[in-house]
Structure formats: structure tokens, C-alpha cells
Amino acid sequence: MSRKNGNSTVPLMHWFVVPFRMITDARVLEPEFVPQEVAYRDAEIDALASALDPITRGETPEPVFLFGPSGTGKTCIAKYALDRLHETIIDLSHQYVNCWGDYTRYKTLYRVLEGVDKALDVHRQSTPTDALLDRVYEYDGPPYVVILDEVDQLADVDVLYDLYRAHNLSMVLIANREEDVFVQLDERLQSRLQSATRIRFDRYEMDALVGILRDRVRWGLREDAVSDKILRRIADAAAGDARIAIGILRRAAQHATEQELETVTERIVDSAVPKAKTELTQKNIEKLNDDQRVLYEIISDHGEIDPPDLYNEYRNRVDDSKTDRMLRYYLQKMQHYNLIVADGENRGRTYRVVDSEK
DNA sequence: CCTCCACTGGAAGATCGGGAAG
DNA sequence: CTTCCCGATCTTCCAGTGGAGG
């Protein structure tokens, strides 16, 4: 992480070429970074801490739900609260699982076992899901808290029921919208989760966002590199989304460094904004397979296209074409990834790419 | 209004890839 | 080596749906 610049035997000429190092710690600008101190979310932290408080008495808390738009600190607060809890309870296990990537029952259970080192010999593919579940139920170690992020992305919500029944295991469930989670649950699980604590996260106010950015500058950049005026400009462009705001700051700092500027300018920020906003989309496109990418390109080319034209165009462009049913699975997946939108049902349906602002 | 029919998406089964057991 | 088993992927089949056009 830290660069070795203390090699005194060799003169490092390029340090003189770049006399001003703007970024002092790049980690604090990464999306996953969890600060030691968290501001502006005291109420939510307190609510989460008290929901998890039964652990300190040796009891298993009911599941806790964190709801709110992206970039409002849900993941960060969940991780932060567990780190703090770990300081008071030495004997505590916890694991973070992102259901967006590990969306099957099998993968989720695998991650859960991984968190308590019970998955070491499960690398073989011939271990059935039921065997993983048995291991989860056999767990008899210290209290175990599992953070399930993007829980609305689970293909099979049964895993929530699996984990609910597990001994000594509690869940922190994170999703954007409450409805997306609850409509999927069967009545049995719904009634059991009725009493669960729900904590809402709203978009950050301007001042809060500026404060968050100012902290990041203090921890990771040369303090005088970014003025408050610039921070306000970044916060304004991020519209209450801290993830985007920090993304803009990171890109702006990188661009400024490349151009050997001593401070981040308005021009730099303005060029970083669109890139930071489409960063997630770009990452998702990279995850698509060849067939999916062809579909995405066709939809992108046409702006708006109905299913028959889409399927035909796809078959024109691809040699070894998949069945239409498979294309529908791909299209569902791409909606899942927030890359495309389907308007209408059945015959009236058309597909278009997200944010084709025209 | 009614009927037709093209598209959707659930269900079930086949196939793939890879690891383990014999 | 072959055989078996797993999850993931893909195909096949088809009931349901709702728009188009009598």
C-alpha cells in the first residue's frame, strides 16, 4: 500500500519531476473504505447498535433491515457498527456478503460459512447445498452476525429463511427499497420479520456531503489541494449520493495529479463528473458475456426496440445464436444490472438502455 | 364486444464443466 | 482411467396475458 520512497541509495529522479503529491492515501477514496469515525449518521448508528444489543446479553437479535437509496451510507454504517460492536464483544464473528454477486442460495451459504472458516474444504463442487446448510446449523461458535447487502438481488429468498432458523446467527439485511424485499417473501417469513427493526437512510444534505468529502480530503489528500468551494461543486453534482461524490473526488484527484496541478480545479471536477456517474454502468457492462453484450449494443444502437426486431438482429450478428428464451433470461439479467429498461408488457414491450438521455 | 396470436416467463429436463470416488 | 454428482447454463414446452383487429 505505502510506496517505498525511502530508498536512500538510489536517487529517484522522478520524485523531482512530480514535486507535489496530491494523494497521500488512496485507500480513503475507495468505495469500500470504512472510516474510523463516521459523521452525520448518529441516529442510524444508534438504532442499529440497539437492535444488535441483545448480543451483549448472549441473546440472538431479530434481523435488522437497512433501507435507502444508493450512496446513503447503509453498507458503511453496517460495517462500522459491527466493528464497534466487535470492540466491546471480543468473541464475535461477522461476515459481509454482497448478494449481487453471490445471488444463489449455494453461494450465499458458502460465504456465510467462509466467515467462520467452515468452508475451507467445500471448494469441491460436489458438496450439495443441503450439506452447506447442515454446516450452518451445526455452527456453535461465538455470536455470528451476517451482513447481507443488496438482499433484493437474491434469486432465491429461501436462504433468508435458512439463515433465520440458524442458531446464534443474526442478520443485517440491506436493500434500496423495502417493497423489493418483502414482496418476494412467503407469508411465514413475512410474519416473522414483521417485528424486525427497519432503519431508513435518506439522501445526504449538502452540508453533510461536503463534510464527508472534507474528511476524505483530510485523510487522503494534501489538505490545501481541494477548496471548500470545489467540494460544494462536487457535492452538488452528486445529488445526495456519497458514493458518487467520493467517486468524483477520486477521479478529480487522479486527473489533477496526472496533469501535475497543485489543486483540483473546477474544470477538473466538471470533466470527472460524467465519468464518475457512469462508472458503475461501465463495470456492469464489463461483466456481460458476449451474447449479452451483443444484445446491449443492439438496444443501444436502436435507442428503443421491440422484441422481435431485437431477436432477429441478434441472430444476424451472432453465428451460434442462443434460443429466444435464453435471450429473455439475458435481458432480465441486464435489467437486474440496471443497464436496460423494459417498457410495457407482452406485445407492447420495448427495450431501451438506461439513461439514454435524448 | 370477442377471438386470435405473439410474447412472456415458469417448469422441467438436458447439457456443460469440474471435482471426487471407485 | 471411468463413473457419479454437483451447480450453472441452456433448451424445450407451454399456460397465461393482453394488444390488434375483426
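Quick note on labels: first sequence line is chain A, next is B, and so on, each numbered from 1.
- Distance CG (Leu331(A)) to P (dT8(B)): 8 Å, rounded to an integer number of Å.
- Rounded to whole Å, atom C1' of dT8(B) lies 9 Å from atom CD of Gln332(A).
- Look at CG on Leu310(A): it is 12 Å from C1' on dC7(B), rounded to the nearest Å.
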Considering only distance and modelled atom types, tabulate donor-acceptor pairs under 3.5 Å from the side chains of residues 333-341 of chain A, sequence neighbours left out.
| from | atom 1 | to | atom 2 | distance (Å) |
| --- | --- | --- | --- | --- |
| Lys333(A) | NZ | Tyr103(A) | OH | 3.0 |
| His336(A) | NE2 | Gln153(A) | OE1 | 2.7 |

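- Counting only residues at least two apart or in different chains, side-chain hydrogen bond (donor to acceptor under 3.5 Å, both in side chains) contacts with residues 85-95 of chain A comprise Arg84(A)-Glu87(A).
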Pairs under 3.5 angstrom, nitrogen or oxygen only, protein versus nucleotides 8-10 of chain C, please.
| from | atom 1 | to | atom 2 | distance (Å) |
| --- | --- | --- | --- | --- |
| dA8(C) | OP1 | Thr104(A) | OG1 | 3.2 |
| dC10(C) | OP2 | Tyr330(A) | OH | 3.0 |

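- Counting to the nearest Å, the C1' atom of dT8(B) and the CE atom of Met334(A) are 17 Å from each other.
- Under 4.0 Å is where a charged nitrogen must lie from a carboxylate oxygen, and between Arg200(A) and Glu178(A) at least one such pair does.
- Other members of the cluster containing Val64(A) are Val34(A), Val38(A), Ile45(A), Leu48(A), Leu52(A), Ile55(A), Leu66(A), Ile77(A), Tyr80(A), Leu82(A), Leu85(A), Ile89(A), Leu92(A), Tyr96(A), Val145(A), Ile147(A), Val172(A), Ile174(A), Ile199(A), Phe201(A), with ILVMFWY side chains joined at under 4.5 Å, either directly or via other members.
- Using a 4.0 Å cut-off on heavy atoms, the residues of residues 336-350 of chain A that approach DNA chain C are Asn346(A), Arg347(A), listed by number.
- Distance CG (Leu132(A)) to P (dG7(C)): 8 Å, rounded to an integer number of Å.
- Looking only at atom types and distance, the side chain of Asp207(A) has no donor-acceptor partner in the side chain of Tyr40(A) under 3.5 Å away.
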Applying side-chain contact (heavy atoms from CB on, under 4.5 Å), run through Tyr110(A) and Leu132(A) and close with a yes or a no. CA-CA 7 Å; Tyr110(A) 184 89; Leu132(A) 298 191; 4.3 Å; yes
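- The CG-P distance, from Asp324(A) to dC13(C), rounds to 14 Å in whole Å.
- With sequence neighbours left out, Arg177(A) forms a side chain to side chain donor-acceptor pair (under 3.5 Å) with Glu179(A), Asp180(A).
- Checked against the 6.0 Å centroid threshold, Phe182(A) and Phe65(A) count as a close aromatic pair.
- The nearest whole Å value for the distance from the CZ atom in Arg325(A) to the P atom in dG13(B) is 16 Å.
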